[in-house]
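Input: a single structure, listed below in structure tokens.
Chain naming here is simple, since letters A, B, ... match the order of the sequence lines and numbering starts at 1 in each.
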Number of protein chains: 2
Amino acid sequence: MRIRLDVAYDGTDFAGWARQPGRRTVCAVIEDALTTVLREPIRLTVAGRTDAGVHASGQVTHFDVPDVALATRSIGGDPANLVRRLAKMLPDDARVRSAVAVTDDFDARFSALRRHYRYRLTDAQWGAEPMLARITAEWTRSLDLDAMNEASSTLVGLNDFAAFCRRREGATTIRDLQRFSWTRDDDGVLIGAVTADAFCWSMVRSLVGAVASVGDSRRTVQWCAGLLDERARSAEVPVAAARGLCLVGVDYPDDAQLAERNAITRDVRSTTSGCCGG
Amino acid sequence: MRIRLDVAYDGTDFAGWARQPGRRTVCAVIEDALTTVLREPIRLTVAGRTDAGVHASGQVTHFDVPDVALATRSIGGDPANLVRRLAKMLPDDARVRSAVAVTDDFDARFSALRRHYRYRLTDAQWGAEPMLARITAEWTRSLDLDAMNEASSTLVGLNDFAAFCRRREGATTIRDLQRFSWTRDDDGVLIGAVTADAFCWSMVRSLVGAVASVGDSRRTVQWCAGLLDERARSAEVPVAAARGLCLVGVDYPDDAQLAERNAITRDVRSTTSGCCGG
């Protein structure tokens with residue numbers, strides 16, 4: 001049986017999503033809890049491999065498990081019962097929001113249509129609200145919301161984001177940036193909404209860093225737009241702090257569309273490179 | 001010169017507000033930073049002495065400082081400049097939101113008209129959203145919002161809250177509970193709003209514990225209302241976790257009212273017992 005797990009975590013005390021020997025990672029903590037509950041070695045496939053310090057409220061994963069393992073007394077064959085069991089085992093900073101059975105056509109990584117990220121950034125002189133300090137980045141200069149939105153809008157579209165991506169062998173840097181806009185919330189914190197089909201490594205944080213450099217008047221909107229002409233990562237683009245970044249959601253097709261998509265794309269998977277976290 | 005400081009903190013890693021030898025407390029961290037900046041020993045007077053683990057977004061304090069100390073190069077006589085200086089010195093989990101000069105009639109503790117607390121409580125099976133886990137308490141049974149509001153409303157008014165207060169020598173337990181009501185936010189988290197002229201020790205957390213016991217059907221509304229007849233702390237009242245509690249604001253009279261109030265109350269101050277945190 002294939003199970004979709006929706007996951008949330010405070011990334012502050014994790015060395016990112018992906019397993020690394022000797023490091024505390026989100027993937028390892030959740031896989032280990034699942035393996036204990038289900039008495040089967042569990043391996044998760046994830047929609048967005050977030051970096052160290054990056055958070056998620058809407059991360060999506062899947063795993064395959066024999067029906068017999070799910071039929072243990074504590075779960076009773078119903079994946080929903082996993083949620084309550086896992087809540088008692090997992091630490092406060094990583095939780096499983098929901099667990100549902102899905103068709104084998106669903107793949108948390110390859111079926112994803114688009115990923116939604118949010119970036120929290122404060123330019124208040126007093127710094128970040130302490131209760132939200134772990135999920136809010138601080139900018140020491142004042143930021144102009146209109147300038148940031150103007151700069152952001154120049155980047156939206158199907159573009160080569162090489163200037164914003166750390167190099168990864170064989171990975172394309174052409175992405176469809178579908179949304180990139182900013183508002184101030186009731187506390188004056190800048191909230192960036194960033195949506196794309198997929199992101200290359202460090203892309204969201206580089207987008208934020210570039211646009212904030214326009215917002216604090218050190219760069220112009222034209223400079224920001226011109227970055228799309230670069231063919232490699234630009235040293236002029238600051239990478240904004242991981243703490244402000246959160247994966248808030250992932251969109252998927254419905255079941256009928258999934259089956260159709262898979263018939264077309266199954267054979268080309270092995271030749272394409274997947275996404276990674278912002 | 002008297003300065004009003006508005007303060008916010010994440011109480012998780014503090015042993016409460018009040019100074020205690022060898023413990024990390026909010027008061028000590030902020031007083032030490034002020035003493036360093038102003039090169040004068042600073043002692044803060046506070047509106048609500050919050051317990052270990054309790055948070056604040058709207059705590060209010062005051063202190064007195066010679067004009068000459070405020071005229072140092074870095075502050076230039078303007079208290080507002082303190083905010084930026086302190087932001088660089090204070091840790092992420094305790095910050096000064098604003099600093100303004102006030103009249104000597106203002107006293108953060110004795111001038112306060114009422115204190116506003118908020119309590120965040122989740123009964124979701126998956127637990128608290130990890131990014132807000134430090135400021136959200138978990139309740140393992142499902143909670144009925146209507147029952148909680150019905151129980152809360154029976155406690156509102158000028159009552160003896162002895163059943164809800166840990167004993168403190170000479171302290172009255174008669175308080176004017178002006179607001180006690182619950183809503184669910186967009187994420188389904190129960191948000192309790194609690195306002196009174198002042199609170200005795202552990203009062204807010206005991207009010208929440210009593211009402212949640214009604215919400216999860218273990219107690220009746222009548223039981224909750226009957227607690228007001230008790231003359232001492234009731235062992236039947238659970239004390240809700242500190243992590244869910246936050247001091248969100250303190251109300252004060254305007255300057256003209258302050259001067260008038262002080263003329264009346266100055267001589268009786270020494271005989272009354274002040275408030276402490278929830």
Side-chain angles (χ1 to χ4, degrees), chain A residues 5-14 26 29-30 54-59 80-99 118 120 122-138 140-142 187-188 241 243-248, chain B residues 5-14 26 29-30 54-59 80-99 118 120 122-138 140-142 187-188 241 243-248:
Chain A
L5 283 190
D6 284 50
V7 171
Y9 43 91
D10 174 337
T12 310
D13 299 326
F14 287 105
V26 187
V29 162
I30 296 176
V54 175
H55 320 286
S57 59
Q59 177 72 281
N81 291 331
L82 267 176
V83 173
R84 199 192 296 246
R85 273 302 301 277
L86 291 170
K88 289 179 185 146
M89 301 183 61
L90 290 169
D92 282 347
D93 57 354
R95 289 296 171 103
V96 171
R97 303 181 76 112
S98 69
R118 179 195 70 200
R120 286 178 53 89
T122 182
D123 61 350
Q125 289 195 3
W126 69 287
E129 155 69 63
M131 286 184 289
L132 302 174
R134 292 159 72 97
I135 60 169
T136 310
E138 298 181 1
T140 51
R141 296 163 57 110
S142 291
D187 298 318
R243 72 194 308 171
L245 186 59
C246 179
L247 173 59
V248 293
Chain B
L5 283 190
D6 284 49
V7 170
Y9 44 90
D10 175 337
T12 310
D13 299 327
F14 288 105
V26 186
V29 162
I30 296 177
V54 175
H55 319 287
S57 59
Q59 177 71 281
N81 292 331
L82 267 175
V83 173
R84 200 192 295 246
R85 272 304 301 276
L86 290 171
K88 288 180 186 146
M89 300 184 61
L90 289 170
D92 282 348
D93 58 353
R95 289 297 171 101
V96 170
R97 303 181 76 111
S98 70
R118 179 195 69 200
R120 286 178 54 88
T122 182
D123 60 350
Q125 289 195 4
W126 69 288
E129 153 71 63
M131 286 184 290
L132 301 175
R134 291 158 71 98
I135 59 169
T136 310
E138 297 181 1
T140 52
R141 295 161 59 109
S142 291
D187 299 319
R243 72 194 309 170
L245 186 59
C246 179
L247 174 59
V248 293

Please classify the contact of B:L86 with chain A as side chain, backbone, both or neither, using a heavy-atom distance under 4.5 Å.
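Neither the backbone nor the side chain of B:L86 comes within 4.5 Å of chain A.
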
Side chain / backbone / both / neither for B:L132 at chain A, heavy atoms under 4.5 Å
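Contact with chain A: side chain only.
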
Sidechain-backbone polar pair: B:Q125 side chain, A:R84 backbone, donor-acceptor under 3.5 Å
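Side chain of B:Q125 to backbone of A:R84, a donor-acceptor pair under 3.5 Å: no, none is there.
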
Residue, of [options], that accumulates the most heavy atom pairs under 4.5 Å with chain A:
options               : result
B:R243, B:R85, B:K88  : B:R243
B:A87, B:C246, B:P130 : B:P130
B:V83, B:D92, B:T136  : B:D92

Report the C-alpha separation of B:V96 and B:L90 in whole Å, then their side-chain angles, then the decisive distance to 0.1 Å, and conclude whether the side chain to side chain contact (heavy atoms under 4.5 Å, CB included) test is met.
CA-CA 8 Å; B:V96 170; B:L90 289 170; 3.9 Å; yes

Quick one: what part of A:A56 sits under 4.5 Å from any heavy atom of chain B, side chain, backbone, both or neither?
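Interface part for A:A56: backbone (N, CA, C, O).
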
Portion of A:A94 that has a non-hydrogen atom of chain B nearer than 4.5 angstrom
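A:A94 touches chain B through backbone heavy atoms alone.
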
If the condition is salt bridge (charged side-chain N to carboxylate O under 4.0 Å, His left out), which residues does B:D187 pass it with, not counting sequence neighbours?
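Partners of B:D187 under the salt bridge (charged side-chain N to carboxylate O under 4.0 Å, His left out) test: none.
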
Could you point out which residue of B:R95, B:Q59, B:H55 forms a side chain to side chain donor-acceptor pair (under 3.5 Å) with B:Y9?
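Testing B:Y9 for a side chain to side chain donor-acceptor pair (under 3.5 Å) against B:R95, B:Q59, B:H55 leaves exactly one candidate, B:Q59.
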
What residues form a side chain to side chain contact (heavy atoms under 4.5 Å, CB included) with A:D13, not counting sequence neighbours?
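For A:D13 the side chain to side chain contact (heavy atoms under 4.5 Å, CB included) partners, ignoring immediate neighbours, are A:R24, A:D93, A:R134.
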
For the pair B:E129 and A:R97, find out whether any cationic side-chain nitrogen is under 4.0 Å from an anionic carboxylate oxygen.
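Salt bridge: yes.
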
